[in-house]
There are 2 protein chains.
Amino acid sequence: MLPVGKQMTEMLKGTLEGIVLATLAVKPAYGYDMTARLREQGFTDIAEGTVYALLVRIEKNGLVEVEKVPSEKGPPRKVYALNAQGRDYLAEFWKTWSFLSQRLETLHHGRNEA
Amino acid sequence: MLPVGKQMTEMLKGTLEGIVLATLAVKPAYGYDMTARLREQGFTDIAEGTVYALLVRIEKNGLVEVEKVPSEKGPPRKVYALNAQGRDYLAEFWKTWSFLSQRLETLHHGRNEA
DNA sequence: TACCACTACATAGTAACACCAGCTAGTGGG
DNA sequence: CCCACTAGCTGGTGTTACTATGTAGTGGTA
C-alpha cells in the first residue's frame with residue numbers, strides 16, 4: 001500500500017468518520033466491503049486496519065447496529081448498519097463540514113466577506 | 001450560531017494549518033492578530049494557545065519568514081510572512097482539500113457513481 | 001498432502017494535532 | 001497599587017489515522 005500524504009492523513013482526521021457513516025447511510029457494509037467501497041470512492045490508500053478500528057469506534061459510540069452474517073468465503077462478516085443515533089450524528093457532521101467548507105471556499109477564492 | 005464541539009476539533013486537524021497559511025497569504029500577521037483574524041472569519045472558538053503553537057510549527061517547518069516588530073502597547077510582535085516554500089505548501093494544501101471536498105460533496109448529495 | 005491466494009477481522013505501537021490551563025511580560029488607566 | 005489589555009509561550013491530555021503484524025476460514029492446485 002502506497003503511503004498516503006501527510007496533509008491528507010491529517011485532513012482525514014475527523015472527516016473519515018463522516019465519510020464512513022455517509023457510506024453506511026447508503027447501504028450497510030462489513031469491514032472488508034467498506035474498504036472496497038472507500039477505494040471505489042477514490043480513497044485508494046486508506047489502510048484496512050484504519051477502517052476496522054473506525055468501525056469498532058462507531059460501534060462503541062452506539063452509532064450503528066451490528067449483525068454477524070456467515071460468509072461463503074472466509075470468516076463470518078460483521079455487518080454494520082446506521083441507526084437513528086448514527087443518522088443524527090451524521091447530520092451534525094454535515095453541518096460541521098458545511099461550515100468549514102464554506103469558510104475554506106471563501107479563503108480559497110479571496111472573498112473574505114460573507 | 002457557531003458549530004463547535006468535538007467534530008469541529010477533529011475536522012480542524014490538518015485544515016487549520018491551511019487556514020492560517022491562507023490567511024497569511026492575504027497579509028502577514030502576528031499571533032495575537034491571527035487569532036483576531038480567525039475570529040473574524042467565523043472561527044470564534046480557536047484557542048490562542050493553538051494559534052501560537054501552530055505558528056511555531058510552521059516557522060520550524062520553514063514555511064514563513066519571521067520579523068520582530070516593536071509594539072506601542074505590549075511586548076514586541078513576531079510578524080509571520082509566507083515565503084516561497086510556504087506558498088508551495090499552501091498550493092499542495094488546496095489540492096488535497098479540493099480532492100477531499102469533491103469526494104464529500106459527492107457523498108453528501110448521494111451521487112455515488114463515477 | 002502441502003501450499004497459496006483471497007476473504008475477513010483484529011490490535012499494539014507510533015506520530016501528529018488541537019485543546020486546556022496556566023505562565024511571563026509590557027503598557028496605560030482607575 | 002492593582003487591573004485590563006496586549007503579546008507570546010509551554011506542559012500535559014485526548015483523539016485520530018497509520019504501520020505492521022497476527023489470526024482464521026475457504027477453495028484451488030501442484
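Every heavy atom of this structure was used, including side-chain atoms; hydrogens, water molecules and symmetry mates were not. Chain naming here is simple, since letters A, B, ... match the order of the sequence lines and numbering starts at 1 in each.
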B:R37/B:E40 salt bridge by N-O under 4.0 Å criterion | no

Separation of C:dA15 atom C1' from A:Q7 atom CD, nearest Å, is 16 Å

Here the distance between atom C1' of C:dC17 and atom CZ of B:F43, to the nearest Å, is 16 Å

Which of D:dT19, C:dA8, C:dC17 is nearest the side chain of A:E10? It is C:dC17

- Message: Using 30° and 60° as the class boundaries, would you call the ring planes of A:W94 and B:H108 parallel, tilted or perpendicular?
- Response: parallel

With the side chain defined as heavy atoms from C-beta on, A:E48 is closest, among C:dC9, D:dA7, D:dT16, to C:dC9

What nucleic acid atoms does B:G14 come within less than 4.0 Å of, heavy atoms only: base, sugar-phosphate, or nothing?
sugar-phosphate

Closest non-hydrogen atoms of B:K68 and B:P76, given as atom of the first, atom of the second and distance, are CG-CB, 4.2 Å

Per atom distances to the A:T50 side chain, the nearest of D:dT19, D:dT16, C:dC17 is D:dT19

*asked:* Any base atoms under 4.0 Å from B:L55, or only sugar-phosphate, or nothing? Heavy atoms, all strands.
replied: nothing

* To do: Verify side chain to side chain donor-acceptor pair (under 3.5 Å) between B:E48 and B:T35, making sure each step is shown before the conclusion.
  => CA-CA 6 Å; B:E48 253 190 283; B:T35 304; 5.1 Å; no

Apply side chain to side chain contact (heavy atoms under 4.5 Å, CB included) to residues A:R77 and A:D33 and explain how you reach the verdict. CA-CA 9 Å; A:R77 296 161 172 169; A:D33 181 34; over 6 Å; no

Here the distance between atom C1' of D:dA17 and atom CD of A:E17, to the nearest Å, is 12 Å

Between CE of A:M11 and C1' of C:dA18 the distance, given in whole Å, is 15 Å

| request: Look at all strands and tell whether B:G49 reaches a base, only sugar-phosphate, or nothing, counting heavy atoms closer than 4.0 Å. | output: base

Of the candidates D:dA7, C:dC19, C:dC9, the side chain of A:Y32 sits closest to C:dC9

In whole angstroms, the gap separating P of D:dT10 from OH of B:Y52 amounts to 12 Å

Q. Are B:V51 and B:V20 close enough, and set up right, to give a side chain to side chain contact (heavy atoms under 4.5 Å, CB included), and what steps lead you there?
A. CA-CA 8 Å; B:V51 174; B:V20 165; 5.6 Å; no

Checklist entry - Under the 3.5 Å rule, do the base of D:dT15 and the side chain of B:K6 count as making a donor-acceptor pair? => result no

Pair A:E59 + A:K78, salt bridge at N-O below 4.0 Å: yes

Heavy-atom closest pair (B:Y80 atom, B:V56 atom, distance to 0.1 Å) is OH-N, 4.5 Å

Closest to the side chain of A:K13, out of C:dC19, C:dC9, C:dA16, is C:dA16

Which of C:dT11, D:dT16, D:dG8 is nearest the side chain of B:Y30? It is D:dG8

Separation of C:dA18 atom P from B:M8 atom CE, nearest Å, is 13 Å

Note: contacts of residues 57-78 of chain B with DNA chain D (heavy atom, under 4.0 Å) are B:S71, B:K73, B:G74, B:P75, B:P76, B:R77, B:K78

B:D45 CG to C:dC19 P, in whole Å, measures 9 Å

Atom CG of A:L12 and atom P of D:dT19 are separated, to the nearest Å, by 12 Å

With the side chain defined as heavy atoms from C-beta on, A:A53 is closest, among C:dT7, C:dT11, D:dT16, to C:dT11

